[in-house]
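To start, the structure under review is shown below, and the notes come after it.
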2 protein chains.
Amino acid sequence: MSGVTANAKRIGRVPRYHRIAETLRERIRGGALAPGARLDNQRELAKSFAVTLMTLRQALELLEREHLITRRHGLGTFVAAPSIDYDILQLRRFAGDLSAKGEHVATRLLGARFAAPDRRVAEALRLPARARVFVLERLRLVDDHPMSLQRSFLPPLIGDEVVRADLARTPLHQVLEFKLGVVIVRAHETVSAVRLGRREARDLGCHAGEAAFESERISHDAGGAPVVFDRVFIPGDRFRITRELHYEGATS
Amino acid sequence: MSGVTANAKRIGRVPRYHRIAETLRERIRGGALAPGARLDNQRELAKSFAVTLMTLRQALELLEREHLITRRHGLGTFVAAPSIDYDILQLRRFAGDLSAKGEHVATRLLGARFAAPDRRVAEALRLPARARVFVLERLRLVDDHPMSLQRSFLPPLIGDEVVRADLARTPLHQVLEFKLGVVIVRAHETVSAVRLGRREARDLGCHAGEAAFESERISHDAGGAPVVFDRVFIPGDRFRITRELHYEGATS
DNA sequence: GAACCTCAGTGTTCTAGAACTCTACCGTCC
DNA sequence: GGACGGTAGAGTTCTAGAACACTGAGGTTC
(Lines give C-alpha, C1' and ligand atoms only; values in the text may rest on other atoms or scores of the structure.)
Protein backbone atom coordinates (compact mmCIF):
# COMPACT_ATOMS: atom_id res chain seq x y z
CA MET A 1 0.00 0.00 0.00
CA SER A 2 1.56 3.31 -1.00
CA GLY A 3 2.01 6.17 1.37
CA VAL A 4 -0.42 8.29 -0.54
CA THR A 5 -3.13 5.69 -0.30
CA ALA A 6 -2.52 5.19 3.38
CA ASN A 7 -2.76 8.89 3.91
CA ALA A 8 -5.92 9.20 1.89
CA LYS A 9 -7.38 6.39 3.87
CA ARG A 10 -6.57 7.89 7.17
CA ILE A 11 -8.13 11.16 6.16
CA GLY A 12 -11.01 9.42 4.48
CA ARG A 13 -11.87 7.68 7.70
CA VAL A 14 -14.01 10.59 8.70
CA PRO A 15 -16.68 11.08 6.08
CA ARG A 16 -16.60 14.26 4.15
CA TYR A 17 -19.89 15.50 5.46
CA HIS A 18 -18.78 15.02 9.02
CA ARG A 19 -15.79 17.18 8.38
CA ILE A 20 -17.93 19.82 6.74
CA ALA A 21 -20.29 19.76 9.68
CA GLU A 22 -17.35 20.14 12.01
CA THR A 23 -16.09 23.14 10.09
CA LEU A 24 -19.48 24.78 10.33
CA ARG A 25 -19.76 23.91 14.00
CA GLU A 26 -16.50 25.70 14.60
CA ARG A 27 -17.69 28.72 12.73
CA ILE A 28 -20.81 28.81 14.87
CA ARG A 29 -19.03 28.17 18.13
CA GLY A 30 -16.22 30.51 17.25
CA GLY A 31 -18.68 33.29 16.73
CA ALA A 32 -18.00 33.72 13.03
CA LEU A 33 -21.67 32.84 12.65
CA ALA A 34 -23.81 34.39 15.34
CA PRO A 35 -27.21 33.02 16.36
CA GLY A 36 -29.84 34.11 13.88
CA ALA A 37 -27.32 34.68 11.10
CA ARG A 38 -28.07 33.21 7.71
CA LEU A 39 -25.60 30.82 6.15
CA ASP A 40 -24.71 30.96 2.49
CA ASN A 41 -27.21 29.13 0.40
CA GLN A 42 -26.74 25.44 -0.05
CA ARG A 43 -25.43 25.63 -3.59
CA GLU A 44 -22.84 28.19 -2.59
CA LEU A 45 -21.79 26.17 0.43
CA ALA A 46 -21.57 23.03 -1.66
CA LYS A 47 -19.37 24.84 -4.14
CA SER A 48 -17.11 26.30 -1.48
CA PHE A 49 -16.62 22.90 0.13
CA ALA A 50 -16.24 21.34 -3.32
CA VAL A 51 -18.91 18.72 -2.77
CA THR A 52 -22.29 17.91 -4.18
CA LEU A 53 -25.47 19.42 -2.94
CA MET A 54 -26.47 16.07 -1.47
CA THR A 55 -23.28 15.75 0.49
CA LEU A 56 -23.56 19.23 1.83
CA ARG A 57 -27.14 18.57 2.82
CA GLN A 58 -26.04 15.57 4.84
CA ALA A 59 -23.76 17.86 6.80
CA LEU A 60 -26.58 20.32 7.39
CA GLU A 61 -28.80 17.49 8.52
CA LEU A 62 -26.31 16.63 11.24
CA LEU A 63 -26.24 20.18 12.42
CA GLU A 64 -29.99 20.45 12.35
CA ARG A 65 -30.37 17.33 14.44
CA GLU A 66 -28.07 18.94 16.97
CA HIS A 67 -30.22 22.04 16.84
CA LEU A 68 -27.28 24.14 15.81
CA ILE A 69 -29.10 25.39 12.73
CA THR A 70 -32.63 25.56 11.42
CA ARG A 71 -33.56 25.37 7.78
CA ARG A 72 -36.55 27.19 6.41
CA HIS A 73 -37.86 26.21 3.05
CA GLY A 74 -37.71 29.10 0.66
CA LEU A 75 -35.85 31.34 3.08
CA GLY A 76 -32.50 29.96 4.03
CA THR A 77 -30.46 28.23 6.67
CA PHE A 78 -29.98 30.00 9.98
CA VAL A 79 -27.89 29.57 13.08
CA ALA A 80 -30.17 28.47 15.89
CA ALA A 81 -30.30 29.75 19.42
CA PRO A 82 -28.09 27.53 21.57
CA SER A 83 -29.77 24.66 23.39
CA ILE A 84 -29.23 20.97 23.94
CA ASP A 85 -31.69 18.20 23.44
CA TYR A 86 -31.91 15.07 25.35
CA ASP A 87 -33.78 12.10 24.08
CA ILE A 88 -35.18 10.52 27.16
CA LEU A 89 -35.75 7.22 25.45
CA GLN A 90 -32.10 6.64 24.99
CA LEU A 91 -31.74 6.25 28.69
CA ARG A 92 -28.22 7.49 28.71
CA ARG A 93 -27.53 9.71 31.62
CA PHE A 94 -29.81 12.57 32.03
CA ALA A 95 -27.66 14.36 34.49
CA GLY A 96 -24.34 13.11 33.29
CA ASP A 97 -22.36 12.69 30.16
CA LEU A 98 -23.59 14.13 26.96
CA SER A 99 -20.43 13.12 25.27
CA ALA A 100 -22.36 10.65 23.17
CA LYS A 101 -23.66 13.62 21.27
CA GLY A 102 -20.25 14.45 19.95
CA GLU A 103 -19.93 17.68 21.86
CA HIS A 104 -16.82 18.53 23.74
CA VAL A 105 -17.66 17.87 27.36
CA ALA A 106 -15.53 18.86 30.30
CA THR A 107 -16.01 18.79 34.03
CA ARG A 108 -14.76 21.37 36.47
CA LEU A 109 -14.50 20.45 40.10
CA LEU A 110 -15.90 23.28 42.19
CA GLY A 111 -15.57 21.76 45.61
CA ALA A 112 -15.42 18.61 47.71
CA ARG A 113 -16.10 18.64 51.41
CA PHE A 114 -18.03 17.09 54.24
CA ALA A 115 -21.23 18.84 55.23
CA ALA A 116 -24.57 18.33 56.90
CA PRO A 117 -27.19 16.93 54.51
CA ASP A 118 -30.59 18.51 54.08
CA ARG A 119 -33.57 16.33 54.85
CA ARG A 120 -34.19 15.04 51.36
CA VAL A 121 -30.61 13.93 51.03
CA ALA A 122 -30.52 12.29 54.45
CA GLU A 123 -33.74 10.43 53.73
CA ALA A 124 -32.63 9.30 50.31
CA LEU A 125 -29.34 7.95 51.62
CA ARG A 126 -31.09 6.49 54.68
CA LEU A 127 -28.84 8.35 57.05
CA PRO A 128 -29.64 9.63 60.52
CA ALA A 129 -30.46 13.30 60.61
CA ARG A 130 -27.20 14.41 62.13
CA ALA A 131 -24.88 12.34 59.96
CA ARG A 132 -22.43 14.08 57.72
CA VAL A 133 -22.18 13.50 54.00
CA PHE A 134 -19.49 14.04 51.45
CA VAL A 135 -20.53 16.70 48.95
CA LEU A 136 -19.03 16.91 45.53
CA GLU A 137 -19.80 19.95 43.44
CA ARG A 138 -19.07 19.85 39.75
CA LEU A 139 -19.78 22.00 36.77
CA ARG A 140 -20.35 20.35 33.40
CA LEU A 141 -19.15 22.32 30.45
CA VAL A 142 -20.26 21.63 26.92
CA ASP A 143 -18.04 23.38 24.45
CA ASP A 144 -16.67 25.50 27.25
CA HIS A 145 -20.13 26.72 28.10
CA PRO A 146 -21.55 25.84 31.52
CA MET A 147 -24.28 23.30 31.01
CA SER A 148 -25.20 21.92 34.37
CA LEU A 149 -24.30 22.18 38.00
CA GLN A 150 -24.14 18.86 39.78
CA ARG A 151 -24.00 18.25 43.49
CA SER A 152 -23.36 14.68 44.48
CA PHE A 153 -23.93 13.55 48.03
CA LEU A 154 -22.22 10.41 49.30
CA PRO A 155 -22.54 8.51 52.56
CA PRO A 156 -19.59 9.20 54.90
CA LEU A 157 -17.93 5.81 54.49
CA ILE A 158 -17.85 6.08 50.75
CA GLY A 159 -16.90 9.72 50.92
CA ASP A 160 -13.78 8.84 52.91
CA GLU A 161 -12.49 6.85 49.99
CA VAL A 162 -13.66 9.11 47.23
CA VAL A 163 -12.00 12.12 48.75
CA ARG A 164 -8.63 10.61 47.88
CA ALA A 165 -9.37 10.13 44.21
CA ASP A 166 -8.47 12.55 41.49
CA LEU A 167 -11.99 13.58 40.67
CA ALA A 168 -10.94 16.21 38.22
CA ARG A 169 -9.78 13.37 36.01
CA THR A 170 -11.68 10.25 36.95
CA PRO A 171 -15.45 9.97 36.61
CA LEU A 172 -17.17 9.33 39.90
CA HIS A 173 -18.65 6.09 38.66
CA GLN A 174 -15.23 4.73 37.89
CA VAL A 175 -13.94 5.63 41.31
CA LEU A 176 -16.87 3.86 42.88
CA GLU A 177 -16.51 0.81 40.70
CA PHE A 178 -12.77 0.26 40.61
CA LYS A 179 -11.69 1.61 43.96
CA LEU A 180 -14.65 0.58 46.04
CA GLY A 181 -16.21 -2.22 44.03
CA VAL A 182 -19.53 -0.43 44.09
CA VAL A 183 -21.54 -0.87 40.90
CA ILE A 184 -24.64 1.15 40.30
CA VAL A 185 -27.38 -0.91 38.79
CA ARG A 186 -30.49 1.12 39.37
CA ALA A 187 -31.49 4.71 39.86
CA HIS A 188 -34.58 6.72 40.45
CA GLU A 189 -34.78 10.16 38.99
CA THR A 190 -37.18 13.02 39.55
CA VAL A 191 -37.18 16.08 37.35
CA SER A 192 -38.92 19.30 38.22
CA ALA A 193 -38.99 22.87 36.97
CA VAL A 194 -37.60 25.45 39.34
CA ARG A 195 -36.07 28.91 39.43
CA LEU A 196 -32.38 29.15 39.99
CA GLY A 197 -31.07 30.39 43.33
CA ARG A 198 -28.39 33.00 43.50
CA ARG A 199 -25.52 30.60 44.09
CA GLU A 200 -26.53 28.19 41.38
CA ALA A 201 -27.04 31.01 38.91
CA ARG A 202 -23.62 32.42 39.63
CA ASP A 203 -21.88 29.11 39.05
CA LEU A 204 -23.82 28.55 35.88
CA GLY A 205 -23.20 32.00 34.57
CA CYS A 206 -26.79 33.15 34.33
CA HIS A 207 -29.27 35.16 36.33
CA ALA A 208 -30.94 34.21 39.57
CA GLY A 209 -34.60 33.41 39.13
CA GLU A 210 -34.18 31.97 35.66
CA ALA A 211 -36.14 28.82 34.82
CA ALA A 212 -34.23 25.55 35.07
CA PHE A 213 -34.62 21.82 35.35
CA GLU A 214 -33.78 20.31 38.67
CA SER A 215 -33.06 16.63 38.59
CA GLU A 216 -32.71 14.59 41.74
CA ARG A 217 -31.39 11.11 41.38
CA ILE A 218 -30.86 8.33 43.85
CA SER A 219 -28.50 5.60 42.65
CA HIS A 220 -28.49 2.15 44.19
CA ASP A 221 -25.88 -0.58 44.14
CA ALA A 222 -26.51 -4.24 43.47
CA GLY A 223 -27.47 -4.77 47.10
CA GLY A 224 -30.16 -2.11 46.87
CA ALA A 225 -28.36 0.32 49.15
CA PRO A 226 -28.42 3.99 48.14
CA VAL A 227 -24.95 5.05 47.15
CA VAL A 228 -25.20 8.48 45.61
CA PHE A 229 -27.71 11.26 45.67
CA ASP A 230 -27.30 13.66 42.77
CA ARG A 231 -28.93 17.02 42.44
CA VAL A 232 -28.46 18.67 39.09
CA PHE A 233 -29.49 22.09 37.85
CA ILE A 234 -29.74 22.81 34.15
CA PRO A 235 -30.84 26.21 32.89
CA GLY A 236 -34.02 25.95 30.82
CA ASP A 237 -32.56 27.67 27.80
CA ARG A 238 -29.81 25.11 27.42
CA PHE A 239 -31.67 21.90 27.54
CA ARG A 240 -34.72 20.07 26.31
CA ILE A 241 -36.19 16.67 26.87
CA THR A 242 -37.62 14.98 23.81
CA ARG A 243 -39.62 11.83 23.41
CA GLU A 244 -41.04 9.81 20.57
CA LEU A 245 -44.41 8.28 21.43
CA HIS A 246 -46.23 5.42 19.76
CA TYR A 247 -49.80 4.61 20.59
CA GLU A 248 -50.03 1.22 19.01
CA GLY A 249 -52.80 -0.75 20.54
CA ALA A 250 -55.17 1.09 22.80
CA THR A 251 -56.26 4.44 21.54
CA SER A 252 -57.90 5.08 24.87
CA MET B 1 -54.54 22.57 -14.99
CA SER B 2 -55.74 19.12 -15.98
CA GLY B 3 -57.38 16.75 -13.57
CA VAL B 4 -54.57 14.30 -13.85
CA THR B 5 -51.96 16.87 -13.03
CA ALA B 6 -53.96 18.13 -10.12
CA ASN B 7 -54.29 14.64 -8.81
CA ALA B 8 -50.65 13.85 -9.27
CA LYS B 9 -49.82 17.03 -7.49
CA ARG B 10 -52.02 16.32 -4.59
CA ILE B 11 -50.56 12.88 -4.17
CA GLY B 12 -47.07 14.09 -4.82
CA ARG B 13 -47.42 16.52 -1.98
CA VAL B 14 -46.20 13.89 0.38
CA PRO B 15 -42.63 13.05 -0.57
CA ARG B 16 -41.92 9.57 -1.74
CA TYR B 17 -39.70 8.70 1.18
CA HIS B 18 -42.34 9.72 3.65
CA ARG B 19 -44.76 7.33 2.04
CA ILE B 20 -42.21 4.57 2.06
CA ALA B 21 -41.51 5.18 5.74
CA GLU B 22 -45.21 5.05 6.41
CA THR B 23 -45.53 1.71 4.63
CA LEU B 24 -42.72 0.29 6.71
CA ARG B 25 -44.21 1.71 9.89
CA GLU B 26 -47.40 -0.14 9.13
CA ARG B 27 -45.55 -3.37 8.55
CA ILE B 28 -43.88 -3.00 11.90
CA ARG B 29 -46.99 -1.97 13.76
CA GLY B 30 -49.07 -4.57 12.00
CA GLY B 31 -46.71 -7.29 13.14
CA ALA B 32 -45.57 -8.26 9.67
CA LEU B 33 -42.16 -7.29 10.97
CA ALA B 34 -41.58 -8.40 14.52
CA PRO B 35 -39.06 -6.76 16.84
CA GLY B 36 -35.59 -8.00 16.09
CA ALA B 37 -36.50 -9.09 12.58
CA ARG B 38 -34.18 -8.10 9.81
CA LEU B 39 -35.55 -6.08 6.94
CA ASP B 40 -34.60 -6.82 3.37
CA ASN B 41 -31.33 -5.24 2.48
CA GLN B 42 -31.43 -1.70 1.27
CA ARG B 43 -30.91 -2.53 -2.38
CA GLU B 44 -33.77 -4.99 -2.31
CA LEU B 45 -36.04 -2.56 -0.54
CA ALA B 46 -35.15 0.19 -2.98
CA LYS B 47 -35.97 -2.09 -5.86
CA SER B 48 -39.26 -3.19 -4.38
CA PHE B 49 -40.33 0.39 -3.78
CA ALA B 50 -38.98 1.34 -7.19
CA VAL B 51 -36.77 4.13 -5.90
CA THR B 52 -33.10 4.84 -5.65
CA LEU B 53 -30.96 3.71 -2.80
CA MET B 54 -30.64 7.29 -1.62
CA THR B 55 -34.37 7.78 -1.48
CA LEU B 56 -34.90 4.58 0.40
CA ARG B 57 -32.21 5.54 2.85
CA GLN B 58 -34.01 8.78 3.57
CA ALA B 59 -37.03 6.75 4.57
CA LEU B 60 -34.94 4.54 6.84
CA GLU B 61 -33.44 7.60 8.41
CA LEU B 62 -36.88 8.78 9.43
CA LEU B 63 -37.65 5.46 11.04
CA GLU B 64 -34.35 5.34 12.82
CA ARG B 65 -34.93 8.75 14.30
CA GLU B 66 -38.21 7.44 15.66
CA HIS B 67 -36.40 4.48 17.18
CA LEU B 68 -38.45 2.07 15.13
CA ILE B 69 -35.44 0.47 13.48
CA THR B 70 -31.73 0.25 14.03
CA ARG B 71 -29.17 -0.07 11.30
CA ARG B 72 -25.94 -1.90 11.80
CA HIS B 73 -23.17 -1.45 9.34
CA GLY B 74 -22.25 -4.69 7.67
CA LEU B 75 -25.11 -6.59 9.27
CA GLY B 76 -28.44 -5.22 8.26
CA THR B 77 -31.43 -3.21 9.28
CA PHE B 78 -33.49 -4.48 12.19
CA VAL B 79 -36.78 -3.71 13.81
CA ALA B 80 -35.98 -2.12 17.15
CA ALA B 81 -37.18 -3.59 20.39
CA PRO B 82 -40.18 -1.66 21.61
CA SER B 83 -39.12 0.43 24.57
CA ILE B 84 -42.61 1.69 24.81
CA ASP B 85 -43.76 0.49 28.18
CA TYR B 86 -42.09 3.31 29.99
CA ASP B 87 -43.40 5.72 27.49
CA ILE B 88 -47.03 4.91 27.63
CA LEU B 89 -47.04 5.17 31.36
CA GLN B 90 -45.65 8.63 31.21
CA LEU B 91 -47.80 9.76 28.40
CA ARG B 92 -51.02 9.68 30.31
CA ARG B 93 -49.96 11.96 32.98
CA PHE B 94 -48.03 14.27 30.88
CA ALA B 95 -49.87 16.57 28.66
CA GLY B 96 -53.19 15.04 29.31
CA ASP B 97 -55.21 12.91 31.59
CA LEU B 98 -54.08 12.33 35.07
CA SER B 99 -57.16 10.34 35.79
CA ALA B 100 -55.05 7.23 36.05
CA LYS B 101 -53.83 8.56 39.34
CA GLY B 102 -57.28 8.45 40.84
CA GLU B 103 -57.60 12.17 41.24
CA HIS B 104 -60.67 14.03 40.21
CA VAL B 105 -59.86 15.54 36.86
CA ALA B 106 -61.89 18.13 35.03
CA THR B 107 -61.41 20.21 31.93
CA ARG B 108 -62.54 23.76 31.49
CA LEU B 109 -62.80 25.16 28.01
CA LEU B 110 -61.32 28.61 27.94
CA GLY B 111 -61.65 29.41 24.30
CA ALA B 112 -61.90 28.10 20.75
CA ARG B 113 -61.18 30.28 17.76
CA PHE B 114 -59.32 30.60 14.51
CA ALA B 115 -56.07 32.51 14.65
CA ALA B 116 -52.75 32.96 12.91
CA PRO B 117 -50.20 30.36 14.02
CA ASP B 118 -46.77 31.28 15.21
CA ARG B 119 -43.90 29.85 13.27
CA ARG B 120 -43.32 26.75 15.34
CA VAL B 121 -46.94 25.78 15.01
CA ALA B 122 -47.06 26.42 11.27
CA GLU B 123 -43.94 24.39 10.74
CA ALA B 124 -45.08 21.52 12.89
CA LEU B 125 -48.39 21.27 11.08
CA ARG B 126 -46.67 21.76 7.74
CA LEU B 127 -48.84 24.72 6.92
CA PRO B 128 -47.91 27.67 4.76
CA ALA B 129 -46.90 30.72 6.71
CA ARG B 130 -50.14 32.57 6.27
CA ALA B 131 -52.60 29.78 6.93
CA ARG B 132 -55.00 30.02 9.82
CA VAL B 133 -55.33 27.40 12.51
CA PHE B 134 -57.97 26.47 14.98
CA VAL B 135 -56.87 27.11 18.53
CA LEU B 136 -58.38 25.33 21.47
CA GLU B 137 -57.53 26.53 24.92
CA ARG B 138 -58.27 24.31 27.87
CA LEU B 139 -57.49 24.27 31.54
CA ARG B 140 -57.01 20.96 33.30
CA LEU B 141 -58.15 20.89 36.88
CA VAL B 142 -57.12 18.27 39.38
CA ASP B 143 -59.29 18.33 42.45
CA ASP B 144 -60.56 21.73 41.36
CA HIS B 145 -57.05 23.08 41.31
CA PRO B 146 -55.63 24.27 37.97
CA MET B 147 -52.99 21.84 36.88
CA SER B 148 -52.10 22.65 33.31
CA LEU B 149 -52.97 25.02 30.54
CA GLN B 150 -53.23 23.37 27.16
CA ARG B 151 -53.39 25.08 23.80
CA SER B 152 -54.16 22.78 20.91
CA PHE B 153 -53.61 23.93 17.37
CA LEU B 154 -55.42 22.17 14.54
CA PRO B 155 -55.14 22.53 10.78
CA PRO B 156 -58.04 24.55 9.34
CA LEU B 157 -59.84 21.63 7.72
CA ILE B 158 -59.92 19.67 10.93
CA GLY B 159 -60.73 22.76 12.93
CA ASP B 160 -63.86 23.31 10.86
CA GLU B 161 -65.23 20.04 12.11
CA VAL B 162 -63.99 20.22 15.65
CA VAL B 163 -65.54 23.60 16.19
CA ARG B 164 -68.96 22.00 16.04
CA ALA B 165 -68.28 19.43 18.73
CA ASP B 166 -69.10 19.82 22.37
CA LEU B 167 -65.57 20.06 23.58
CA ALA B 168 -66.55 20.78 27.13
CA ARG B 169 -67.83 17.21 27.26
CA THR B 170 -66.03 15.21 24.63
CA PRO B 171 -62.26 14.67 24.69
CA LEU B 172 -60.54 16.00 21.63
CA HIS B 173 -59.19 12.60 20.73
CA GLN B 174 -62.66 11.16 20.61
CA VAL B 175 -63.90 13.94 18.40
CA LEU B 176 -61.04 13.32 16.03
CA GLU B 177 -61.53 9.60 16.01
CA PHE B 178 -65.27 9.22 15.84
CA LYS B 179 -66.30 12.30 13.93
CA LEU B 180 -63.36 12.58 11.59
CA GLY B 181 -61.90 9.10 11.57
CA VAL B 182 -58.52 10.48 12.51
CA VAL B 183 -56.54 8.21 14.78
CA ILE B 184 -53.37 9.41 16.39
CA VAL B 185 -50.67 6.79 16.30
CA ARG B 186 -47.50 8.68 16.91
CA ALA B 187 -46.33 11.83 18.58
CA HIS B 188 -43.16 13.73 19.23
CA GLU B 189 -42.83 15.66 22.44
CA THR B 190 -40.36 18.24 23.61
CA VAL B 191 -40.24 19.43 27.19
CA SER B 192 -38.43 22.51 28.35
CA ALA B 193 -38.27 24.63 31.46
CA VAL B 194 -39.60 28.16 31.09
CA ARG B 195 -41.03 31.01 33.09
CA LEU B 196 -44.73 31.64 32.84
CA GLY B 197 -45.99 34.61 30.89
CA ARG B 198 -48.59 36.89 32.34
CA ARG B 199 -51.52 35.36 30.50
CA GLU B 200 -50.58 31.80 31.29
CA ALA B 201 -49.98 32.64 34.92
CA ARG B 202 -53.38 34.29 35.22
CA ASP B 203 -55.20 31.31 33.79
CA LEU B 204 -53.28 28.94 36.01
CA GLY B 205 -53.80 31.03 39.09
CA CYS B 206 -50.19 31.71 39.90
CA HIS B 207 -47.64 34.43 39.41
CA ALA B 208 -46.02 35.54 36.19
CA GLY B 209 -42.37 34.52 36.00
CA GLU B 210 -42.84 31.35 37.97
CA ALA B 211 -40.98 28.26 36.76
CA ALA B 212 -42.96 25.80 34.66
CA PHE B 213 -42.67 22.93 32.25
CA GLU B 214 -43.55 23.69 28.69
CA SER B 215 -44.37 20.66 26.61
CA GLU B 216 -44.81 20.87 22.88
CA ARG B 217 -46.24 17.86 21.18
CA ILE B 218 -46.87 17.07 17.55
CA SER B 219 -49.33 14.23 16.97
CA HIS B 220 -49.48 12.32 13.72
CA ASP B 221 -52.22 10.20 12.23
CA ALA B 222 -51.79 6.82 10.59
CA GLY B 223 -50.89 8.48 7.31
CA GLY B 224 -48.04 10.33 8.98
CA ALA B 225 -49.69 13.72 8.62
CA PRO B 226 -49.47 16.09 11.58
CA VAL B 227 -52.90 16.52 13.10
CA VAL B 228 -52.54 18.38 16.35
CA PHE B 229 -49.94 20.59 17.88
CA ASP B 230 -50.27 20.84 21.64
CA ARG B 231 -48.52 23.32 23.84
CA VAL B 232 -48.94 22.69 27.52
CA PHE B 233 -47.81 24.72 30.49
CA ILE B 234 -47.52 23.10 33.89
CA PRO B 235 -46.31 25.11 36.87
CA GLY B 236 -43.18 23.62 38.32
CA ASP B 237 -44.59 23.24 41.78
CA ARG B 238 -47.43 21.03 40.61
CA PHE B 239 -45.68 18.43 38.58
CA ARG B 240 -42.66 16.19 38.40
CA ILE B 241 -41.28 13.76 35.88
CA THR B 242 -39.92 10.56 37.34
CA ARG B 243 -38.02 7.72 35.81
CA GLU B 244 -36.63 4.43 36.92
CA LEU B 245 -33.27 3.62 35.37
CA HIS B 246 -31.57 0.27 35.06
CA TYR B 247 -27.98 -0.08 34.03
CA GLU B 248 -27.86 -3.80 33.59
CA GLY B 249 -25.44 -4.52 30.85
CA ALA B 250 -23.04 -1.79 29.95
CA THR B 251 -21.93 0.31 32.84
CA SER B 252 -20.65 2.78 30.30
C1' DG C 1 -5.18 -24.30 18.57
C1' DA C 2 -4.40 -19.60 17.37
C1' DA C 3 -3.58 -16.12 14.14
C1' DC C 4 -4.34 -14.55 9.74
C1' DC C 5 -6.66 -14.02 5.21
C1' DT C 6 -10.30 -13.72 2.08
C1' DC C 7 -14.94 -13.27 0.68
C1' DA C 8 -19.88 -12.48 0.40
C1' DG C 9 -23.34 -9.66 2.08
C1' DT C 10 -24.84 -5.31 3.85
C1' DG C 11 -24.75 -0.56 5.13
C1' DT C 12 -22.37 4.10 3.90
C1' DT C 13 -20.49 7.79 1.39
C1' DC C 14 -20.31 10.52 -2.69
C1' DT C 15 -20.94 12.36 -7.58
C1' DA C 16 -23.53 15.23 -11.07
C1' DG C 17 -27.24 16.79 -12.05
C1' DA C 18 -32.60 17.81 -12.98
C1' DA C 19 -36.95 19.08 -11.47
C1' DC C 20 -39.93 20.69 -7.87
C1' DT C 21 -41.77 23.68 -3.94
C1' DC C 22 -41.93 27.42 -0.75
C1' DT C 23 -41.36 32.34 0.62
C1' DA C 24 -41.11 37.11 0.15
C1' DC C 25 -41.54 40.81 -2.82
C1' DC C 26 -43.12 43.61 -6.36
C1' DG C 27 -45.77 44.84 -9.65
C1' DT C 28 -50.50 45.11 -12.18
C1' DC C 29 -55.31 45.08 -12.43
C1' DC C 30 -59.68 45.99 -10.75
C1' DG D 1 -56.87 49.76 -1.33
C1' DG D 2 -57.01 44.95 -2.10
C1' DA D 3 -56.60 40.81 -4.86
C1' DC D 4 -54.08 38.47 -8.11
C1' DG D 5 -49.96 36.82 -10.45
C1' DG D 6 -45.18 36.59 -11.70
C1' DT D 7 -40.39 36.12 -10.31
C1' DA D 8 -35.95 35.52 -7.91
C1' DG D 9 -33.81 33.08 -4.52
C1' DA D 10 -33.64 29.40 -1.33
C1' DG D 11 -34.54 24.73 0.38
C1' DT D 12 -36.27 19.81 -1.10
C1' DT D 13 -36.90 15.66 -3.51
C1' DC D 14 -35.21 12.24 -6.63
C1' DT D 15 -32.39 9.62 -10.24
C1' DA D 16 -28.57 6.31 -11.57
C1' DG D 17 -24.79 4.72 -10.38
C1' DA D 18 -19.82 3.87 -8.42
C1' DA D 19 -16.75 3.15 -4.84
C1' DC D 20 -15.91 2.38 0.00
C1' DA D 21 -16.20 0.18 4.78
C1' DC D 22 -17.82 -2.98 8.29
C1' DT D 23 -19.22 -7.71 9.97
C1' DG D 24 -19.28 -12.55 10.36
C1' DA D 25 -17.93 -16.91 8.56
C1' DG D 26 -15.01 -20.19 6.72
C1' DG D 27 -10.66 -21.57 5.16
C1' DT D 28 -5.43 -21.48 5.49
C1' DT D 29 -1.17 -21.24 7.63
C1' DC D 30 1.92 -21.74 11.26
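Both backbone and side-chain heavy atoms feed into the values below; hydrogens, waters and symmetry mates do not. Throughout, protein chains are lettered first and strands after them, A, B, ... in sequence-line order, and every chain is numbered starting at 1.
- When atom types are taken as modelled, the side chain of B:R217 and the backbone of B:E189 share no donor-acceptor pair closer than 3.5 angstrom.
- Comparing B:A50 and A:G74 against DNA chain D, the residue whose closest nucleotide sits nearer the 5' end is A:G74.
- Following rounding to the nearest Å, B:L45 (CG) and C:dG9 (P) show an atom-to-atom distance of 17 Å.
- Between the side chains of A:R140 and A:T107, at least one donor-acceptor pair of N or O atoms lies under 3.5 Å.
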> Which is it for B:L110 and B:L149 under the side-chain contact (heavy atoms from CB on, under 4.5 Å) test, yes or no, and what are the steps along the way?
Replying inline: CA-CA 9 Å; B:L110 297 183; B:L149 174 66; 3.7 Å; yes

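- With rounding to whole Å, A:L56 atom CG is found 16 Å from C:dG17 atom P.
- What separates CG of A:L60 from P of D:dT12 is a distance of 8 Å, to the nearest Å.
- With hydrogens and angles disregarded, no donor-acceptor distance shorter than 3.5 Å links the side chain of A:R72 to the backbone of A:T77.
- As a whole-Å value, the separation of B:E61 CD from D:dT12 C1' is 15 Å.
- In the interface, the side chain of A:R38 is not paired with the base of C:dT23 through any donor and acceptor atom under 3.5 Å apart.
- Residue A:R57 has a polar side-chain atom (N or O) positioned under 4.0 Å from OP1 or OP2 of D:dT12.
- Contacts of B:R72 with the nucleic acid, taken as non-hydrogen atoms under 4.0 Å apart, involve only primed sugar atoms and P, OP1 or OP2.
- Contact annotation: B:Y17 reaches the phosphate of D:dT13 (side-chain N/O to OP1 or OP2, under 4.0 Å).
- Following rounding to the nearest Å, B:L75 (CG) and C:dA8 (C1') show an atom-to-atom distance of 13 Å.
- At C:dT15, one or more side-chain N or O atoms of A:R16 fall inside 4.0 Å of OP1 or OP2 (strictly under the cut-off).
- One interatomic measurement links the two molecules: CD of A:Q58 to C1' of D:dT13, which rounds to 14 Å at whole-angstrom precision.
- For D:dA10, the base has no donor-acceptor partner in the side chain of A:H73 [N/O atoms by modelled type, under 3.5 angstrom].
- For C:dC14, neither phosphate oxygen OP1 nor OP2 lies less than 4.0 angstrom from any side-chain nitrogen or oxygen of A:T55.
- One finds no side-chain N or O of B:T52 lying less than 4.0 angstrom from the OP1 or OP2 phosphate oxygen of D:dG17.
- Within the nucleic acid shown, A:L53 comes within 4.0 Å of at least one base atom, counting heavy atoms only.
- Rounded to an integer number of Å, the gap from A:R43 CZ to C:dG17 P is 13 Å.
- Straight-line distance from the CZ atom of B:R19 to the C1' atom of D:dC14: 12 Å, rounded to whole Å.
- No side-chain donor-acceptor contact under 3.5 Å links A:D40 to the backbone of A:E44.
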